[in-house]
Student: 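There's a structure below that I have some questions on.
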Amino acid sequence: MALSYSTRNKRNAAFIETCNAMSVDDFGGSHEVRDAILALRPFFQGEIIFPSNKDYDADRMLSNPVFQFHPIVILYCKTEVDAALALGLCRDQGLPFSVRSGGHCTAGFSGNNGVMIDVKNLNGILIDEDAKTAVCGTGVEFGDFQQALDPYHLNVPGGECADVCVGGYVQGGGFGFTAAKYGISCDNVIEVRVLLADGTVAVSNKDKNPELLWAVCGGTGGNFGILLTVKFQLHDLDKCYGFALDWALDTDQEVEQAAQALCYLQNDYMLNSVAGPDLTLQLHIGFQYVDDSKTKMKPFLMVRGLWAGDVGQGPDVIAPLKALPGMLRDHFWEAVDTFYVMNHKLLHYPQGMPPMPPGPDPLEDKSSHYVTRDLALGEWQQMLGFMKTSLPNKSFAYMEVYGGAIAERDRLSNAFVHRDAAFNLILDVFWKDD
Ligand SMILES: Cc1cc2nc3c(=O)[nH]c(=O)nc-3n(C[C@H](O)[C@H](O)[C@H](O)COP(=O)(O)OP(=O)(O)OC[C@H]3O[C@@H](n4cnc5c(N)ncnc54)[C@H](O)[C@@H]3O)c2cc1C
């Protein structure tokens, strides 16, 4: 029989060499695990990364370096069969594992010290323009997805941050700048394919295995199997209107004006918004540079939003907000653009997240809470006053405003039950060293 010198055969030979050079302790002390991983190699199409691999330290990281996991192996699935092989390995060897799409889980649930099954390469996007649907692999990044949808003038709520992935995002709900109009992202999921623990693939839609679709949509990631693909119902969206309004928070009077603006927003632009579901808002309390040399920072309340109705009406819709006392006229920003471009601009114009000093990625801690009741003026003032005491470029708070289509949907229509929230309040803290 002729010997094949294909790249894969060379790769397999190199892999066996690597495994032979490793101690059995590197495989959790088990010869069986070592043999099972060796047996997997010829059939597994993706990369297999061990701690001895030069890329291991970068590959084991989640988006937030505060989480430090040291998996015995990282399996980068290139195909869905790879995912089944990876899951089979964990099942047969009784190995703990986690599934990672984008690695953005703020609780670190996509990492562990056993097997890390990474599905970021399951990242195909298939758009059906006529049916207005899209099927995505769960490794699809929202930046890529929204860019692909833009030429078709179609939209579905997606992660504001471009590298958040479909896999973790839709299973947690998923807020984006069109969520008030189209609902939380998982409300737009019409079919999923899930690799179950026994290695079979379950298709779930409203007619077939509907309870699995119900649970995956908002039931949080990593609970029901490996999510392989997600089919979204898309919506027409051409140009949209975006804006940003700022209030200074220096003096007591400015804090009071900002707190009054928040009361006004709460009454008229959150649950039962006078603007209707076409307006999605995000509010920020944090520090920004106020000089060109970037040495001086001051605290601001920033209100940004996207109007997904008739763009010509956008300025009228926000006119009452612009007229509120304390709104900084020279900070006002507005633009009309496609959704993909506008989503980027809304995160970076006129200001983005509190700027961090250059260097390695900061460590981060985040805490979020759904707020369902009205806050009194004094409570808003207290919140603004508290944020002013935080370290300038190390923390901020933001609110994703719900209402609209999120609130309209029946509370038990899927596992995302937070329908009565006026907003999701998120506190974010960064640091460079202990
Ligand atoms: C910088 C940043 C920006 C963010 N922006 C937004 C935002 O705009 N809107 C918003 O709603 N949220 C946002 N989030 C939160 C984000 O939605 C969640 O962290 C989400 O889980 C990220 O998805 P992921 O695939 O990147 O995460 P991962 O960390 O890969 O996964 C999250 C969870 O899902 C599981 N999981 C992942 N893939 C699969 C799969 N294929 N099958 C089964 N389980 C799986 C993981 O095991 C883990 O439990 C943001 C987070 C960060 C860090």
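Both counts, for ligands and for their atoms, begin at 1 and track the order of listing.
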Student: Could you tell me the residue and atom name of the protein heavy atom closest to atom 49 (O) of ligand 1, and the distance to it rounded to 0.1 Å?
Tutor: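 Nearest protein contact, heavy atoms only, for atom 49 (O) of ligand 1 is Phe109 CB, 3.3 Å.
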
Student: Identify the closest protein heavy atom to atom 17 (O) of ligand 1: which residue and atom is it, and at what distance?
Tutor: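 Heavy-atom neighbour on the protein nearest atom 17 (O) of ligand 1: Tyr169 CD1, 3.4 Å.
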
Student: Short list, please: which atoms of ligand 1 are under 4.0 Å from a heavy atom of Gly159?
Tutor: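 Every atom of ligand 1 under 4.0 Å from some heavy atom of Gly159: 8 (O).
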
Student: Taking the six-membered ring for Trp, are Phe396 and Phe300 ring centroids under 6.0 Å apart?
Tutor: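 Not under 6.0 Å, so no.
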
Student: Does Arg91 have more than 12 heavy atoms from other residues, nucleotides or ligands lying within 6.0 Å of its CZ?
Tutor: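 Atom CZ in Arg91 is packed in, count exceeds 12.
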
Student: Let's go through Glu379 and Arg373 carefully: what are the C-alpha distance in whole Å and the side-chain angles of both, what is the deciding distance for salt bridge (charged side-chain N to carboxylate O under 4.0 Å, His left out) to 0.1 Å, and is it a yes or a no?
Tutor: CA-CA 12 Å; Glu379 290 175 302; Arg373 71 168 175 89; 2.7 Å; yes

Student: Run down the list Ala107, Gly222, Gly173, Ser101 and name the one with the heavy atom closest to atom 38 (N) of ligand 1.
Tutor: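 Looking at heavy atoms only, the winner is Ser101.
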
Student: Which heavy atom in Leu281 sits nearest to a heavy atom in Phe175, and how many Å separate them?
Tutor: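 Smallest interatomic distance, heavy atoms only, reads O-CZ, 3.9 Å.
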
Student: Using a plain distance cutoff, I'd like to know if Asp163 has any nitrogen or oxygen under 3.5 Å from a nitrogen or oxygen of ligand 1.
Tutor: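 Checking ligand 1 against Asp163, no N or O pair falls under 3.5 Å apart.
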
Student: Tell me the protein heavy atom at minimum distance from atom 3 (C) of ligand 1, and give that distance in Å.
Tutor: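 It is Cys161 CB, 3.3 Å.
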
Student: Any carboxylate oxygen within less than 4.0 angstrom of a Lys/Arg side-chain nitrogen, looking at Asp128 and Lys231?
Tutor: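 No salt bridge links Asp128 with Lys231.
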
Student: Give the residue, atom name and distance (to 0.1 Å) of the protein heavy atom nearest atom 18 (C) of ligand 1.
Tutor: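 Going atom by atom, the protein heavy atom closest to atom 18 (C) of ligand 1 ends up being His104 O, 4.2 Å.
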
Student: Return the residue, atom name and 0.1 Å-rounded distance of the protein heavy atom closest to atom 43 (C) of ligand 1.
Tutor: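 Ranked first by proximity to atom 43 (C) of ligand 1 is Gly225 O, 3.2 Å.
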
Student: What I want to know is whether Phe175 and ligand 1 share at least one N or O pair that is separated by under 3.5 angstrom.
Tutor: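 Among all N and O atoms of Phe175, at least one is under 3.5 Å from an N or O of ligand 1.
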
Student: Below 4.0 angstrom, counting only protein heavy atoms, does anything approach atom 22 (C) of ligand 1?
Tutor: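 Yes, there is one.
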
Student: For ligand 1, which part of Thr138 has a heavy atom less than 4.0 Å away: the side chain, the backbone, both, or neither?
Tutor: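 The answer is the side chain.
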
Student: For Cys105, is at least one N or O under 3.5 Å away from an N or O on ligand 1?
Tutor: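 Checking ligand 1 against Cys105, an N or O pair does fall under 3.5 Å apart.
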
Student: Using non-hydrogen atoms of the residue, decide whether Ser98 is closer than 4.0 angstrom to ligand 1.
Tutor: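 Ser98: no contact with ligand 1 (<4.0 Å).
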
Student: How does Val119 reach ligand 1, by side chain, by backbone, by both or by neither, if only non-hydrogen atoms under 4.0 Å count?
Tutor: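 Answer for Val119: side chain.
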
Student: Give me the residue, atom name and distance of the protein heavy atom closest to atom 8 (O) of ligand 1.
Tutor: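 Atom 8 (O) of ligand 1 sits closest to the protein heavy atom Glu160 N, 2.9 Å.
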
Student: Among Asp118, Val99, Ile426, Asn112, which residue places a heavy atom closest to atom 46 (C) of ligand 1?
Tutor: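 Going through Asp118, Val99, Ile426, Asn112 one by one, Val99 has the nearest heavy atom to atom 46 (C) of ligand 1.
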
Student: Counting from 1, what ligand 1 atoms have a heavy atom of Gln171 closer than 4.0 Å?
Tutor: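 In order of number, 39 (C), 40 (C), 42 (N), 43 (C), 44 (N), 45 (C).
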
Student: Gly103: heavy atom below 4.0 Å from ligand 1, yes or no?
Tutor: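 Yes, that is the case, since the closest heavy atom of the residue is under 4.0 Å from the ligand.
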
Student: Nearest protein heavy atom to atom 29 (O) of ligand 1, by residue and atom, and its distance?
Tutor: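 Protein heavy atom with the smallest distance to atom 29 (O) of ligand 1: Ser110 OG, 2.6 Å.
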
Student: Measuring from Leu375:CG to Gln381:CD, what's the distance to the nearest 0.5 Å?
Tutor: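 Going from CG on Leu375 over to CD on Gln381, the span is 12.0 Å.
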
Student: Would you check the N or O atoms of Arg100, main chain and side chain alike, for any that come under 3.5 Å of an N or O of ligand 1?
Tutor: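 No, no N or O pair falls under 3.5 Å.
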
Student: Looking only at protein heavy atoms, which one is nearest to atom 31 (O) of ligand 1, and what is the separation?
Tutor: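 Nearest protein contact, heavy atoms only, for atom 31 (O) of ligand 1 is Gly168 CA, 3.8 Å.
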
Student: Side chain, backbone, both or neither: which part of Lys366 comes within less than 4.0 Å of ligand 1 when only heavy atoms are counted?
Tutor: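 The part of Lys366 near ligand 1 is the side chain, not the backbone.
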
Student: Between His235 and Asn188, does any side-chain donor sit less than 3.5 Å from a side-chain acceptor?
Tutor: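 Short answer, yes.
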
Student: Run down the list Val164, Leu62, Val166 and name the one with the heavy atom closest to atom 4 (C) of ligand 1.
Tutor: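 Among Val164, Leu62, Val166, the closest heavy atom to atom 4 (C) of ligand 1 belongs to Val164.
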
Student: Closer than 4.0 angstrom, basic N to acidic O: yes or no for Arg60 and Asp57?
Tutor: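 Looking at Arg60 and Asp57, the cut-off is met.
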
Student: Taking a cutoff of less than 4.0 Å between a non-hydrogen atom of the residue and any ligand atom, is Gly174 in contact with ligand 1?
Tutor: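 Heavy atoms of Gly174 do come under 4.0 Å of ligand 1.
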
Student: Quick one: does Arg34's side chain have a donor or acceptor within less than 3.5 Å of a partner on Ile37's backbone?
Tutor: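 No, the answer is negative, given that no donor and acceptor are paired below the 3.5 Å cut-off.
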
Student: What heavy-atom pair brings Leu87 and Ile117 nearest, and what distance separates the two atoms?
Tutor: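 Closest heavy-atom pair between Leu87 and Ile117: N-CD1, 4.1 Å.
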
Student: Does the separation of the ring centres of Phe67 and Phe109 fall below 6.0 angstrom?
Tutor: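 So the answer is no for these two rings.
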
